[in-house]
Amino acid sequence: MNPSSSVNNNQGELVLDKELRQFLLLPDEDGAEARPLGKASAFFISLSTVPKSARQNLLLALCELMALIGGLFLPLPLELRRHNFVFGGDEVVSEKSWNAPITIADGMDAFAVFLFACDVWVTFFAVVVGMVVASAGWRLDDGFCRQTIETLAKLLFYFFLHGVAWPLVTLTFWISFTEASSPYPLLGSIFCFLAFYMSFMSIFMNLLLDQAPLEVYHMPNWLKQDLRVTMPWLEHKIQDDNLRPRALRRAAKLRELCGAPQEDETLTETGGGTRTAGDESLRRPRGRRKDPRDLKQKTKKSV
């Protein structure tokens, strides 16, 4: 039994490997129901279903967007570095010596430099991946396309969001809080920011749940749990049981667009012929066929 299959359509040959079959919610070779992938790259795996001639432009657009955002964020950590730090009304000037005691200002400067280094890495790697995609031509291999998608997803969710964006927001509020004469205006600003953030995230998540439920269905469990905690009013919509019907409809639409088989069409091939998803032999093993001679012998014994 082949681990992957290919489909010829007017867009070219589409390779249905195990991960893509699971993403499109197709039963596996044993007929088992497809489960969520639990990957951050689920938001971009649908790029594997578009024609190869269009993948290059889409991947280049993703790389350019990542490089642009990372480049715009580059000066922000350097602006937050401070040589003189005010804490408790007293100004502390750090001594420039290897034996000088470590101050809070030194720690915050080091944290800002760390954010700058992470942002440089994100920007540089996005540019390098874009150069590789541009030099690969329009005939991009499916494995290379999937690995590029996986890399960009890790850059976005792990390095940029959790290594640059959110730490920068935290550092900005922390510096503003320690330098403020009265903390109450800043607390009001933080409250307004959280209200705006929750409102925007609710609108954004409702958009994803309506237009891209399949991608949300395959999100990592930690990200789903984070969304349930931050937005408990959307918890019932993010549950897998409630997401699956809408994810199945989007998966069927993607399969139709890319020419992949539907659930009731041919899924696997065996030496004796073709088996379909509706065949019960895919879902449970068949018992041993009874021999008529055994039945005759049992009849004679009973007589």
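Computation of the quantities below employed the complete heavy-atom set of this structure, encompassing side-chain atoms and omitting hydrogens, waters and symmetry-equivalent molecules.
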Practice problem: I would like to know whether Phe160 and Phe73 meet ring-ring contact (aromatic ring centres under 6.0 Å, His included); could you show each step before the answer? | Solution: CA-CA 10 Å; Phe160 184 75; Phe73 269 71; 5.2 Å; yes
Roughly how far, to the nearest 0.5 Å, is the [atom2] atom of [Y] from the [atom1] atom of [X]?
X	Y	atom1	atom2	answer
Leu60	Leu65	CG	CG	12.5 Å
Ser202	Leu207	OG	CG	12.5 Å
Asn57	Leu62	CG	CG	11.5 Å
Leu186	Glu179	CG	CD	11.0 Å
Lys39	Glu215	NZ	CD	15.0 Å
Thr172	Glu79	OG1	CD	11.0 Å

Exercise. Can you spot which of Leu243, Leu24, Leu214, Leu25 makes a side-chain contact (heavy atoms from CB on, under 4.5 Å) with Leu248?
Key: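 The side-chain contact (heavy atoms from CB on, under 4.5 Å) with Leu248 is passed solely by Leu25 among Leu243, Leu24, Leu214, Leu25.
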Practice problem: Over 60° means perpendicular and under 30° means parallel, so classify the ring planes of Phe200 and Phe204, tilted if in between. | Solution: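 Correct class here is parallel.
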Self-check item: Aromatic ring pairing Phe114/Phe111, orientation class (parallel under 30°, perpendicular over 60°, tilted between)
Solution: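 Aromatic pair Phe114/Phe111 classed parallel.
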Quiz item: Would you call Lys224 and Asp240 a salt bridge, taking side-chain N to carboxylate O under 4.0 Å as the test?
Solution: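 So Lys224 pairs with Asp240 through a salt bridge.
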Quiz prompt | Ion pair check, Arg244 and Glu33, cut-off under 4.0 Å | solution =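 So Arg244 pairs with Glu33 through a salt bridge.
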May I ask you to decide if [Y]'s main-chain N or O and [X]'s side chain share a donor-acceptor pair within less than 3.5 Å?
X	Y	answer
Asp119	Val164	no
Asn242	Lys237	no
Glu150	Ser41	no

Self-check item: Side-chain heavy-atom pair Cys63, Leu152 within 4.5 angstrom cut-off
Solution: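 Side-chain contact under 4.5 Å: yes.
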Self-check item: Min side-chain heavy-atom separation Arg255-Thr49 under 4.5 Å
Solution: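 Answer no - side chains too far apart.
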Quiz item: More than 12 non-hydrogen atoms from neighbouring residues, nucleotides or ligands closer than 6.0 Å to CD1 on Ile102, yes or no?
Solution: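 Counting other residues, nucleotides and ligands, CD1 of Ile102 stays at 12 neighbours or fewer.
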Self-check item: Met198 atom CE, over 12 foreign heavy atoms within 6.0 Å
Solution: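 Yes - once you tally the heavy atoms of other residues, nucleotides and ligands closer than 6.0 Å, there are more than 12.
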Quiz item: Do Phe173 and Trp166 have ring centres separated by under 6.0 Å?
Solution: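 Ring-ring flag for Phe173/Trp166: false, centres at least 6.0 Å apart.
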